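We name chains A, B, ... by the order of the sequence lines, and we start the count at 1 in each one. On a predicted model such as this, the values are computed, not experimentally measured, just so you know. Heavy atoms only: backbone and side chains are in, while hydrogens, waters and symmetry mates are out.
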4 protein chains.
Amino acid sequence: MTPSPERRRELLSTAAEVFAAQGYNATTVRRIADEAGMLAGSLYYHFDSKESMVDEILSTFLNELWAGYDEVLAAGLGPRETVEALVTESFREIDRHRAAVAIYQKESQHLATQPRFRYLSESQGRFERAWLGVLERGVAEGVFRADLDIRLAYRFLRDTVWVAASWYRPGGLHSPEEIARQYLSMVLDGITPRGDTDTSRPDTRHDTTTVRPS
Amino acid sequence: MTPSPERRRELLSTAAEVFAAQGYNATTVRRIADEAGMLAGSLYYHFDSKESMVDEILSTFLNELWAGYDEVLAAGLGPRETVEALVTESFREIDRHRAAVAIYQKESQHLATQPRFRYLSESQGRFERAWLGVLERGVAEGVFRADLDIRLAYRFLRDTVWVAASWYRPGGLHSPEEIARQYLSMVLDGITPRGDTDTSRPDTRHDTTTVRPS
Amino acid sequence: MTPSPERRRELLSTAAEVFAAQGYNATTVRRIADEAGMLAGSLYYHFDSKESMVDEILSTFLNELWAGYDEVLAAGLGPRETVEALVTESFREIDRHRAAVAIYQKESQHLATQPRFRYLSESQGRFERAWLGVLERGVAEGVFRADLDIRLAYRFLRDTVWVAASWYRPGGLHSPEEIARQYLSMVLDGITPRGDTDTSRPDTRHDTTTVRPS
Amino acid sequence: MTPSPERRRELLSTAAEVFAAQGYNATTVRRIADEAGMLAGSLYYHFDSKESMVDEILSTFLNELWAGYDEVLAAGLGPRETVEALVTESFREIDRHRAAVAIYQKESQHLATQPRFRYLSESQGRFERAWLGVLERGVAEGVFRADLDIRLAYRFLRDTVWVAASWYRPGGLHSPEEIARQYLSMVLDGITPRGDTDTSRPDTRHDTTTVRPS
DNA sequence: AATGAATGAGCATTCATTCAT
DNA sequence: CATGAATGAATGCTCATTCAT
């Protein structure tokens, strides 16, 4: 009566939570099974291996992430609006896939050395190209500061956003959109007061921070 | 039974490098021994356990870190200058203890659950209080924006700085001071151009970014 | 709870094939089920256990084998004719129960240690007594060489015949009777040419090599 | 004080004995360790894996075997003398490597499917070519019967000799040379009496049954 | 008759650690 | 100081078997 895919998803969700909390290596298959209320061996009815569990967790997450990103990148927005939309989308993904993001942060470098996880490096590459492109375009159009070290700025933005997964708890005080707004405000305008009145309030108009106006 | 402190330091340095590269759990004692040109068992002449190695690596690092931080905090600088000095000091520590910082980033959350590593949480707490204090003072004095969510800004700054250890390579193009300057520029003034002329040039005067002018 | 005997036979045949190909221990119940187009658990509707499958395969085979042997032994043939008939009968059994014979060859020594498979040792004992008797009688009557080490000759004959199951493929170039003839020729007369004309042509008269002239 | 290679040999000998008695798959690493008076994990100080144990057992055996065979094949003996020498050499190897031969018999077909054990198939091929060559030459020179099915005779000889490893016990009544003599007598001249006087006594002159006159 | 899901015992293997030499 | 050999606990995984449906 319980169709297989549902059970898989439940188990993967459990596994992701444990992986995120303890680290992939430090997590034993027995621990996951405990958490799922079954015996270690029983997990192997649903999954080939511990590795295939992280694999499915990470690839599912990345697929959803890129669906969102691609929509943003294809929307033809200006550089600033693209940055806003990408950051907002990222916080939404952190909200929806907190555990997966945390695993990705902690383990991807280590996992990417294995052929099976090549897609992690590829995603990383796509990610970098997308961000560098937006930043360069922004500088060219005068939307971003001309004195930026683009690569440094890229790393700054990338890390700044994703590390949030290590402390973010869904259902907390702030919605992902709210956090995105605050982060964008700091990143775009800095933490010191601006001379001109208007820019001190970061972009909170929904139309620019998201493609999906849901 | 008189292990020379020098050999210890060498071995710890080797261990730190491997821990940073592969992760603490994924690193075998044998791997460290290989790298040090000895057999696994021989390490136990110098150290009690693998755990005591990370312990020594992390505590040595934190001691040095706090020596620098305390000097900054005791110097009676203004909020902005304090932030500048703390960030610069942090990048200097990343430069000097890259491996230790990377280990700290990846493993501290996990390790801090054990009583032996309580000092990690304590350091974290001190760190948080220091930063929150500076930020609050800055907002009160009008040096930082009044609409900041202080806790969010704290996390933003903290993560922003330390994650750099995951990609920073000592002896690269940029000196730690240079990177600190760029980061501070983005954090303080944002990545979009400022309306008023002066603030677009970030604070690069040495006197304010560091207490130790060495 | 009325499993049809036909299905049982089909499944046993499938199982025997896999056991013979991969070895009993190396064969998983799942593999057999795959081959039979069902799930592993479903086999347990038909059989108590994996062990009971080999048991049934081997005992069925041995029953048929001894039916043939007993007929030969009871026919009152001379020693040479008895040897010929036994060898021919053996190759016929290899032809009909190739998989079972192969399993018997590979696993009987191992299985015979368990009480359940005592009949394997018993069969082995009967087999040995029958052969030793024929050989002794043959030597006494001058039909076989007087300088034979009877026990060695027994092992030689026994192994020589049964190992053929490891390479024999039913439906190949040679019929079991043809192979029996060739083997008997080598065993009885040797592989070097005989001085006297007649014996170089091995005994191929059907009447002596089999009791069942079918 | 116990140099490594010696211990290795001891352990391999123990392992070979257990493998031969129980079969490779059915043998647990614990069982081997028990027999060696150590814990299962300790074996891994000496060997990479259970597989590498069989590997070393079989390859060591095959190397020695081929050293003997090559000497025989290079000696330029006539077909009959070559057969005698090969068979005698084979029984000597059975005497010296009984366990390895038994393992080879039972497991080689199964193991040869793995790339690591390709040398098993290669050895098998060399073996076949050598035997077929001698038999063909013997038939051509009139030393062996013209009506032989060469391939069948090859299998007959091959199996006949090697299966002996399943019952042979070193230090028993018969020396390997003695057994070889008896087997050769049966194989060359058959188990029925010859018309001509002399050939009923098989070749027992040392000079022809062995290259190494030790 | 067969499925889907689970059990539980056992297995090969890893690894931090110990210790006599 | 370092080695060589071993320990023992834990780990990921396999597989025959069970059983409600």
Exercise. Does any pair with a residue in residues 43-56 of chain A pass salt bridge (Lys or Arg N to Asp or Glu O under 4.0 Å), and if so which ones, sequence neighbours excluded?
Worked result: A/Arg8-A/Glu56, A/Glu51-A/Arg116, A/Asp55-A/Arg116
Exercise. Which of these nucleotides, F/dT7, F/dA2, E/dA6, is closest to any side-chain atom of D/Met38?
Worked result: F/dT7
Exercise. How would you list, by chain and number, every residue that makes a ring pair (Phe, Tyr, Trp, His ring centres under 6.0 Å) with A/Phe47, sequence neighbours excluded?
Worked result: none
Exercise. Separation of C/Leu11 atom CG from E/dA1 atom P, in whole Å?
Worked result: 10 Å
Exercise. To the nearest Å, how far apart are C/His46 NE2 and F/dA16 P?
Worked result: 17 Å
For this session: Could I get the full list of side-chain hydrogen bond (donor to acceptor under 3.5 Å, both in side chains) partners for B/Thr14, not counting sequence neighbours?
Result: none
For this session: Report the distance from atom CG of C/Asp34 to atom P of E/dA2, rounded to the nearest whole Å.
Result: 15 Å
For this session: Look at A/Arg9 together with A/Glu6 and state whether they make a salt bridge at an N to O cut-off of under 4.0 Å.
Result: no
Exercise. To the nearest angstrom, how far is B/Ile32 atom CD1 from E/dT17 atom P?
Worked result: 10 Å
Exercise. Pairs in or reaching into residues 21-40 of chain A: which pass salt bridge (Lys or Arg N to Asp or Glu O under 4.0 Å), with residues at least two apart or in two chains?
Worked result: A/Arg31-A/Glu35
Exercise. DNA chain F in dot-bracket, Watson-Crick or G-U pairs under 3.5 Å, [ ] crossing, | other strand?
Worked result: .||||||||||||||||||||
Exercise. Can you find a side-chain donor-acceptor pair between B/Gln22 and A/His110 that sits under 3.5 Å?
Worked result: no
For this session: Return no unless some side-chain N or O of A/Arg7 is found under 4.0 Å from OP1 or OP2 of E/dA6.
Result: yes
Exercise. For B/Leu43 and E/dT18, what is the distance between atoms CG and P respectively, to the nearest whole Å?
Worked result: 13 Å
Exercise. Rounding to a whole Å, what distance do you find between C/Met53:CE and F/dT17:C1'?
Worked result: 11 Å
For this session: Mind calculating the distance between CZ (D/Phe47) and P (E/dT14) to the nearest angstrom?
Result: 15 Å
Exercise. Rounded to whole angstrom units, what separation is found between the OH atom of B/Tyr45 and the P atom of F/dC1?
Worked result: 5 Å
Exercise. For A/Phe117, which residues count as a ring pair (Phe, Tyr, Trp, His ring centres under 6.0 Å) partner, sequence neighbours excluded?
Worked result: none
Problem set entry | With D/Ser108 via side-chain hydrogen bond (donor to acceptor under 3.5 Å, both in side chains) - residues at least two apart | none
Seminar exercise, completed: Quick tally for nucleotides 8-14 of chain F: nucleotides whose base has a protein heavy atom under 4.0 Å get B, sugar-phosphate-only ones S, the rest -, giving B--BBBB
Problem set entry | Residue pairs, two or more places apart or on separate chains, that pass salt bridge (Lys or Arg N to Asp or Glu O under 4.0 Å) and touch residues 15-29 of chain A | A/Glu17-A/Arg98
